[in-house]
J.: 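Dropping a structure here in structure tokens format, bear with me for questions.
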Amino acid sequence: MIHTKKFNYFKADKGLNPCATIALAGNPNVGKSTVFNALTGMHQHTGNWPGKTVANASGTYSFNKKNYTIVDLPGTYSLLAHSVEEEIARDYIKSGNACCTVVVCDATSVERGLNLALQTLEITSNVVVCVNLLDEAVKKGIAVNLKLLESRLGVPVIGTSARSKKGLKELCRAIEKVCSSGCKCKISKQSKSAIEFVEQAELICHGAITLVKPEPDRTDRILDNIFLGKYTAIPCMIIGLIIIFWITIVGANYPSEVLSRLFFDWQDKMLIFADKINLPEWLSSVLIMGIYRVLAWVVSVMLPPMTIFFPLFTLLEDFGYLPRIAFNLDGKFKKCNACGKQALTMCMGLGCNSVGVVGCRIIDSPRERLIAILTNTFTPCNGRFPTLIAIITMFFIGTKCIAFSSFLSVILLIVLILFSVFMTFMMSNLLSKTLLKGLPSSFTLEMPPYRKPQIGKVIVRSVLDRTLFVLGRAVVVAAPAGLLIWIMANIKIGDTGILIYCTRFLNPFAKIMGLDGVILMAFILGIPANEIVIPIIIMSYMATGSIMSFSSLNELHTLLINNGWTLSTAVCTMLFSIMHWPCATTLLTIKKETNSLKWTLISFIVPTLCGIIFCCLTNYGFKLIHFLL
Amino acid sequence: MEVNLSEIKEKQTCVITQVEQKNSIFRRLNDLGFVNGTAVTCLNKSRNHNIASYRVRSAVIALREEDARTIKVKLR
């Protein structure tokens, strides 16, 4: 019953039965995807800012023993086709592929939803209007007279609260009724102008929407005055960053310690067991010291921060704060000739760079979209800031005296993130003056009402999803990488391992950047997944050194120092982590989104060049200071 | 007296008298409800006044100053 399929609107899907296909239309951010999820049981993510659904899906559900296919159209403000999304939505509704079009509206803003509904009614009379987010309207004291709207529009108007799964049965019933009354598509007249639709919507809503409380959006306005206020906007953003990362770092500390102790306990037990059953030494070495060890590192060091950060970020998204960030940062983006919505894609990049790149579709202007895509990789993603946290912990703080040192770790991390934001602005500015010249374009930014996130549900779903995802990637990417390192370390040409040949080869170049051959090789091998960089560094040092086992990040400090790490090395590694080539998934996504090998190549070169330059500068800066002192 | 929407101060309400047609986002503004005769309230302005949020027909939309300048309004 449940299947996920990327819907290709440009190919008529002959497999879908037109008399059981429903199109789901509506303004952005009205809960279309929530309705979709509730009906199909799929888990398309629903955030709280306009334009969230960028990849569309179709799913199926059954009602009264009949199967229905439901297609989630992109959110649009109108069908009069000024943008690709609107064209897609309009063409799909016109095509007659769907027997019924459900127009989803936000109960707190029905007039605007009716604008779209009226435009849809010009094309087809098989429409059901779904007034969603009814619970929010009740909270704000907005009463919607559904019956009156139904009588004025002439089509079923159903109230739902898709988040709490209310009203869905009535919705399915109305859809069933409309579908069974046969498929009628009108010949498109399109005689009305946009203004006439707006005025007609106003007339229809007159008297049907009543305010029980005088100021329904009072809470939203109070919050906006704080989050957008002249003196409070930036402090709020910084405090928000601090809170999120503090929880991430502190929350990840304990599980990390426990997991790493556990895994290395098991490692010793496994070695003893392998010895007992007379497993050949090379086999136990490859399995345990190679594959198992790298998996243990990824799960104990990288997994906890990733699993904690994601739900926090999702909660922030669902709350509706992200458009406010875009509002606050728009001025700076305008100075760089870029779009304020880039702030949104930057935030998405904090979760995953590849998602951030796809999210750039919310930027209308192709030039500004490209700038956002090319600079997205400057934002450290979920897989990269555990690397930063690990280095900060290993090298600067250590894991003793939890409370104060955690705060210091957070501050250092925030400094790095602010640096990456600064680099994003710099590069956007540079790109808009060289490769991507142009003037800033107009855009409208919708500021949706704040919504209380379903905290429990988000945390549980996010933690499970993330854990599975990271574990999956660990098996697919980290394990082979561990195997590779083991092979390189143990297969010798002459009397030195391949590993040492490789690192010696990279060493001179790496030293100029303040790194060493092992670090550079780890970054290269980390193209498939950034979270394996630190595990590879550790394993490489251990494979060529004499330390055989240890269990905590503290002892890693010794390992690093023994292998020549200085303060300069740590800083350069962190800088390079922020500014280097995008990971494989992101590169593939960029190729898909831009459809251009040239821009994908540029997206590879730009951050790498920046990384090399900054690392060299930092390295020689440290040397200079050392020389002068 | 007709002024530009960008000149409206925070918390002030006004009525739209004209939306400039040459504007590239003219159509988008119409779809969002910025139409002659509509009441608009300016809610928040950013620090250097380059972007501001406006309440129009129970939704809140933020517009850059140069775009708001193309909308002519009359103070209530």
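We use all heavy atoms of the structure for the numbers below, so side chains are in, but hydrogens, waters and symmetry mates are not. We name chains A, B, ... by the order of the sequence lines, and we start the count at 1 in each one.
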J.: Using the side chain to side chain contact (heavy atoms under 4.5 Å, CB included) rule, take A:Lys230 and B:Glu10 through it: C-alpha gap first, then chi angles, then the decisive distance, then the call.
T.: CA-CA 12 Å; A:Lys230 293 181 173 46; B:Glu10 282 185 6; 3.2 Å; yes
J.: Is A:Asp330 close to B:Asn50 at the side-chain level, that is, under 4.5 Å between some pair of heavy atoms?
T.: yes
J.: If we define contacts as heavy-atom pairs under 4.5 Å, which of B:Lys45, B:Arg57, B:His49 has the most with chain A?
T.: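 Sorted descending by pairs with chain A, the first entry is B:Arg57.
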J.: Do you know the tightest heavy-atom contact between B:Ser53 and A:Phe327?
T.: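 Answer, listing the atom of B:Ser53 first, then A:Phe327: N-CE1, 3.7 Å.
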J.: Once you round to the nearest 0.5 Å, how far does CD1 of B:Ile51 lie from CZ of A:Phe333?
T.: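 If we round to the nearest 0.5 Å, B:Ile51:CD1 and A:Phe333:CZ are 12.0 Å apart.
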J.: Which bit of A:Thr76 is near chain B, if near means a heavy-atom gap under 4.5 Å: side chain, backbone, both or neither?
T.: neither
J.: Can we say A:Lys334 and B:Glu65 salt-bridge, meaning some charged N sits less than 4.0 Å from an Asp/Glu carboxylate O?
T.: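 No.
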J.: Using only atom types and a distance under 3.5 Å, with no angle test, would you say the side chain of A:Arg112 pairs donor to acceptor with the backbone of B:Ser58?
T.: no
J.: Identify which of A:Asn115, A:Thr108, A:Asn225 forms the greatest number of heavy-atom pairs closer than 4.5 Å to chain B.
T.: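 Heavy-atom pairs under 4.5 Å are most numerous for A:Asn225.
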J.: Answer yes or no: is there a donor N or O on one side and an acceptor on the other, between the side chain of B:Asp31 and the main chain of A:Ala194, under 3.5 Å?
T.: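 Judged by distance alone, no pair lies under 3.5 Å.
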J.: Atom CG in A:Asn328, atom CZ in B:Arg47: separation rounded to 0.5 Å?
T.: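 Nearest 0.5 Å value for the CG-CZ distance: 10.0 Å.
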J.: Does the side chain of A:Thr444 reach to within under 4.5 Å of the side chain of B:Ile25, using non-hydrogen atoms?
T.: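 In short, these two side chains touch, coming nearer than 4.5 Å.
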J.: For the CG atom of B:Asn44 and the CE atom of A:Met447, what is their distance to the nearest 0.5 Å?
T.: 7.0 Å
J.: Name the region of A:Asp217, side chain, backbone, both or neither, that has any atom closer than 4.5 Å to a heavy atom of chain B.
T.: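 The side chain, not the backbone.
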J.: Given side chains that start at C-beta, do those of A:Arg221 and B:Lys11 come closer than 4.5 Å, heavy atoms only?
T.: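 No - every pair of side-chain heavy atoms lies 4.5 Å or more apart.
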J.: Heavy-atom distance under 4.5 Å to chain B: side chain of A:Ser109, backbone, both or neither?
T.: both
